[in-house]
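Contents: one structure, followed by commentary.
Position 1 is the first residue of the sequence; numbering continues from there. As a basis for the values below, the full set of heavy atoms in this structure was taken, side chains included, without hydrogen atoms, waters or symmetry mates.
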Amino acid sequence: IGYLSNDYNVDNLNDKLNEINLTLENKDNAISNLKKELEEEKEYISNLLEILNAKKSVNICLENYKASLNKFISLKEKYSFAFLTNIFFDLKNIENEIEIISTNSFLYNKNVIAIGGGFSSGKSSFINTLFEIENNDLLPVGNLPVTAIPSYIFNDKEKKIECLTLDGRISEISESLFKKISKKNDNDKTFNAKNIVKHFYVKNQLKYKNICFIDIPGYNPAKDSEEDLKISKEYINNAKVLIWLFPIPDGTTSKDDLKFLIEALENHNNKIIYIVCTKADLRGDNTIKSVCDEINKELKKAKIKAEGISPYTSNYIKLGENKEYFKKFKYGVSLNEFLNKMNKNDSYKVKELNNKIENIFEDNIKLGKDEIENIDTHIKFLRNIKLIYISDISERNGLIYRYKSLYKDLNMENIKSDNIEQFEKDINNRISDLEKNKIYINECISDSNKIKNEILKCINNIFNEE
């Protein structure tokens, strides 16, 4: 019995020892993983510091553009007209476009297409199929939101990734760092890369040589901040061409997705739009048709014209293989036809930017010119009143009444029908004030046009065109 008891105690102790060893092993593994995470975090911070310490590029054209905007701030303070404020904010809205083009002026002959969609809509997977090299998962993909910072993706013989910081530094980065920074991680333990990096330039061999794709951060109404949603809408608004992705594995279209797109496209009827229904391989033909019909119906109701709606799966590595898939559900042109149509070497960018600037000034300065016309009408009216007042005694009381009703700010109670001198004096003062205001507005328009010409010269200098 004593031997049995000893054997039991030994076995019991061995079990406890094994348990302790297992616990120690698990803790060692946990410590090892933490050390690995710490090293990765240190490397990540070190890489970000290198980006921050990169040489700041001097973008003369952008600096000149910003200098012109600063002149407009002074102009607003000097004249205080509402249309100047409108011009300033309209010019501010295209500053990002000026920066992109002036940093990569060769983009001026490419059609820029923004690719947008809700969280986990398959944007990155879709873009990865546009590269010439098959199975090239350059953009990070996953079931969680992975696109945190916009990427400009365009064709280049050399595979290269660069990032532009918020303060204008350009730095080449590795593919692994790009994927790490790209990941949407608002709970980052250190800090959010969005506070450092403005956007990426991803250069690789694309199937479409004359298109620059913008991978817009996917939006998530439930989790994204107002700032994130605002950024998504800004990129949508600034894009001339938009491909919007709707995922359909749930067998229905997200009402939030449609609502967000329709709101973002409000008052942008001239935008070229194409709809792609991603992850279509996860659903049957009837479900796919139902979702496409629903999208088509809602867009028509919102008076949004789409060039086409196409079911799509990134499992078709070559885009051409999607043709047969599209034939079953024909809504407008196929995705392949659409991209081939956009894939044109068209040096329209100078003219497009110039037209944008011209329209911004023309539309807003018209408000000033309308005010001048209004002033001329008032001056003509006042001169007629004065002429009739002097020549026709019977009309004087009526004229004073009409004058008082128009210019309530003047104290006219004491004016009598026979007080010709006082009445003429008040009318002359009013005409003088209006004439001064007219000169003031004309000066403002003239100064605005001078700044406009500076901006147009700045844009033409980007492309060395006069």
Side-chain angles (χ1 to χ4, degrees), residues 43-44 46-62 96-115 123-141 146-183 193 196-216 239 241 243 314 317-320 339-340 342-350 462-464:
E43 184 184 1
Y44 179 55
S46 175
N47 288 327
L48 289 177
L49 286 172
E50 284 181 24
I51 291 170
L52 286 170
N53 290 326
K55 187 178 179 181
K56 192 171 182 179
S57 60
V58 180
N59 190 330
I60 300 298
C61 293
L62 183 63
N96 188 57
E97 186 177 1
I98 300 290
E99 182 175 25
I100 297 296
I101 297 298
S102 58
T103 306
N104 295 281
S105 58
F106 57 87
L107 284 177
Y108 81 96
N109 62 352
K110 295 185 186 296
N111 276 309
V112 178
I113 300 179
I115 298 179
K123 290 187 297 88
S124 298
S125 295
F126 172 73
I127 294 172
N128 281 334
T129 65
L130 302 174
F131 293 111
E132 272 192 342
I133 303 167
E134 294 185 4
N135 301 314
N136 183 6
D137 290 337
L138 183 58
L139 272 65
V141 297
V146 291
T147 304
I149 299 167
S151 296
Y152 287 77
I153 303 139
F154 48 92
N155 181 68
D156 198 274
K157 291 179 182 178
E158 184 183 4
K159 185 177 177 181
K160 190 177 184 181
I161 303 173
E162 295 174 323
C163 68
L164 178 71
T165 63
L166 293 172
D167 65 345
R169 300 172 195 275
I170 296 179
S171 177
E172 185 175 350
I173 60 173
S174 67
E175 187 176 324
S176 60
L177 180 60
F178 166 64
K179 287 183 177 180
K180 185 168 178 63
I181 297 177
S182 292
K183 288 183 180 177
I196 298 173
V197 179
K198 188 171 187 178
H199 49 246
F200 298 104
Y201 300 125
V202 180
K203 305 175 184 181
N204 206 327
Q205 294 178 43
L206 281 181
K207 296 171 185 176
Y208 301 94
K209 313 296 182 191
N210 300 309
I211 296 177
C212 171
F213 296 97
I214 311 175
D215 186 12
I216 301 173
V241 185
I243 294 177
S314 56
I317 299 300
K318 294 180 180 178
L319 193 60
L339 289 174
N340 284 331
M342 293 293 109
N343 190 34
K344 293 179 181 178
N345 189 330
D346 186 7
S347 302
Y348 69 90
K349 189 56 71 175
V350 180
I462 295 174
F463 311 102
N464 297 317

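- Distance check, rounded to the nearest 0.5 Å: OG of Ser171 to CD of Glu162 gives 8.5 Å.
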Next item on the list: Walk me through it: do Ile127 and Ile115 pass the test side-chain contact (heavy atoms from CB on, under 4.5 Å)?
Entry: CA-CA 8 Å; Ile127 294 172; Ile115 298 179; 3.6 Å; yes
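- Between Ile196 and Leu166 the shortest side-chain heavy-atom distance does not fall below 4.5 Å.
- To the nearest 0.5 Å, atoms CD1 (Ile216) and CD1 (Ile149) are separated by 14.5 Å.
- Using a 4.5 Å heavy-atom cutoff, the side chains of Lys123 and Asp215 are in contact.
- No side-chain heavy atom of Lys203 sits less than 4.5 Å from a side-chain heavy atom of Lys157.
- Of all heavy-atom pairs between Lys198 and Pro150, the closest is O-CD, 3.7 Å.
- Between the CD atom of Glu175 and the CG atom of Leu177 there is a distance of 11.0 Å, given to the nearest 0.5 Å.
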Notebook entry, point to check: Can you check side-chain contact (heavy atoms from CB on, under 4.5 Å) on Ile214 and Ile113, steps first, answer last?
Noted result: CA-CA 6 Å; Ile214 311 175; Ile113 300 179; over 6 Å; no
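- Taking the side chain as every heavy atom from C-beta outward, Tyr201 and Ile161 never approach each other to under 4.5 Å.
- With a 4.5 Å cut-off on side-chain heavy atoms, Val202 and Ser151 count as touching.
- Proximity of Gln205 to Lys159: side-chain heavy atoms (C-beta onward) are nowhere separated by under 4.5 Å.
- For Asp167, the side chain to side chain donor-acceptor pair (under 3.5 Å) criterion is met by Thr165, Arg169, not counting sequence neighbours.
- Within the model, atoms CG of Asn210 and CZ of Phe154 stand 13.0 Å from one another, a figure rounded to the nearest 0.5 Å.
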Margin query: Test side-chain contact (heavy atoms from CB on, under 4.5 Å) on Ile170 and Cys163; report intermediate values, then the result.
Written below: CA-CA 6 Å; Ile170 296 179; Cys163 68; over 6 Å; no
Checklist line | Test log, rule ring pair (Phe, Tyr, Trp, His ring centres under 6.0 Å), inputs Phe178 and Phe200 | finding: CA-CA 8 Å; Phe178 166 64; Phe200 298 104; 4.8 Å; yes
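- Rounded to the nearest 0.5 angstrom, Ser174 OG and Asn47 CG are separated by 6.5 Å.
- Side-chain contact between Met342 and Tyr208: absent, with no pair of heavy atoms (C-beta onward) separated by less than 4.5 Å.
- Lys209 contributes no side-chain N or O that, together with a main-chain N or O of Lys344, makes up a donor-acceptor pair within less than 3.5 Å.
- Checked by atom type and distance alone, the side chain of Asn343 never pairs as donor or acceptor with a backbone atom of Leu339 at under 3.5 Å.
- For Ser46, there are no side chain to side chain donor-acceptor pair (under 3.5 Å) partners at least two apart in sequence or on another chain.
- Leu206 has its side chain within reach of Phe213: a pair of non-hydrogen atoms, C-beta onward, lies under 4.5 Å apart.
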